[in-house]
S.K.: 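Below: one structure in structure tokens.
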Amino acid sequence: MSEKEWQGQSTDKKEGKDMAVLAKPINRITVIKKQESSNFVREFNDNKVTKEFLDSCKKAGRLFGKEK
């Protein structure tokens, strides 16, 4: 579809026929060097989601009527 054709298209159709997928699968494996592994593990553990945060997310979800 050319640029001119795309500009004339409506994106508010309920059928979803003109929707685009914006996600792209990544088929790469992250490799961590031996020298950087301890730093990676430390940062990973520091950035873990806490139980308190998950509980607050569940409470907020209940307020908005979401179950998951």
Side-chain angles (χ1 to χ4, degrees):
M1 183 179 295
S2 71
E3 181 76 25
K4 288 182 181 180
E5 290 174 335
W6 183 81
Q7 288 177 353
Q9 295 291 320
S10 173
T11 57
D12 59 354
K13 292 182 180 178
K14 291 186 179 183
E15 298 92 23
K17 293 179 183 177
D18 294 331
M19 295 180 70
V21 176
L22 300 176
K24 179 180 169 185
I26 299 174
N27 296 327
R28 287 182 263 156
I29 298 174
T30 303
V31 178
I32 301 164
K33 296 179 183 177
K34 185 177 181 179
Q35 300 89 345
E36 298 172 359
S37 63
S38 63
N39 187 32
F40 173 80
V41 171
R42 190 176 319 110
E43 284 186 31
F44 182 84
N45 288 334
D46 288 343
N47 292 323
K48 284 198 307 189
V49 176
T50 63
K51 184 174 179 350
E52 293 81 20
F53 179 73
L54 288 176
D55 290 340
S56 69
C57 289
K58 288 178 186 177
K59 289 177 185 176
R62 280 187 240 127
L63 288 172
F64 292 107
K66 302 291 180 186
E67 294 296 319
K68 295 183 180 181

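Not measured: the values here are computed from a predicted model. Values reported hereafter were calculated over all heavy atoms of this structure, with side chains retained and with hydrogens, waters and symmetry mates removed. We number each residue from 1, following the sequence as shown.
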S.K.: In Å, rounded to the nearest 0.5 Å, how long is the span from CZ of Phe40 to OG1 of Thr30?
M.R.: 7.5 Å
S.K.: When rounded to the nearest 0.5 angstrom, what is the spacing between NZ in Lys59 and SG in Cys57?
M.R.: 11.0 Å
S.K.: Listing request: all salt bridge (Lys or Arg N to Asp or Glu O under 4.0 Å) pairs with a residue in residues 44-53, at least two apart in sequence or in separate chains.
M.R.: Lys51-Asp55
S.K.: To the nearest 0.5 Å, tell me how far Glu36 CD sits from Arg42 CZ.
M.R.: 12.0 Å
S.K.: What is the distance from atom CG of Leu54 to atom NZ of Lys58, rounded to the nearest 0.5 Å?
M.R.: 6.5 Å
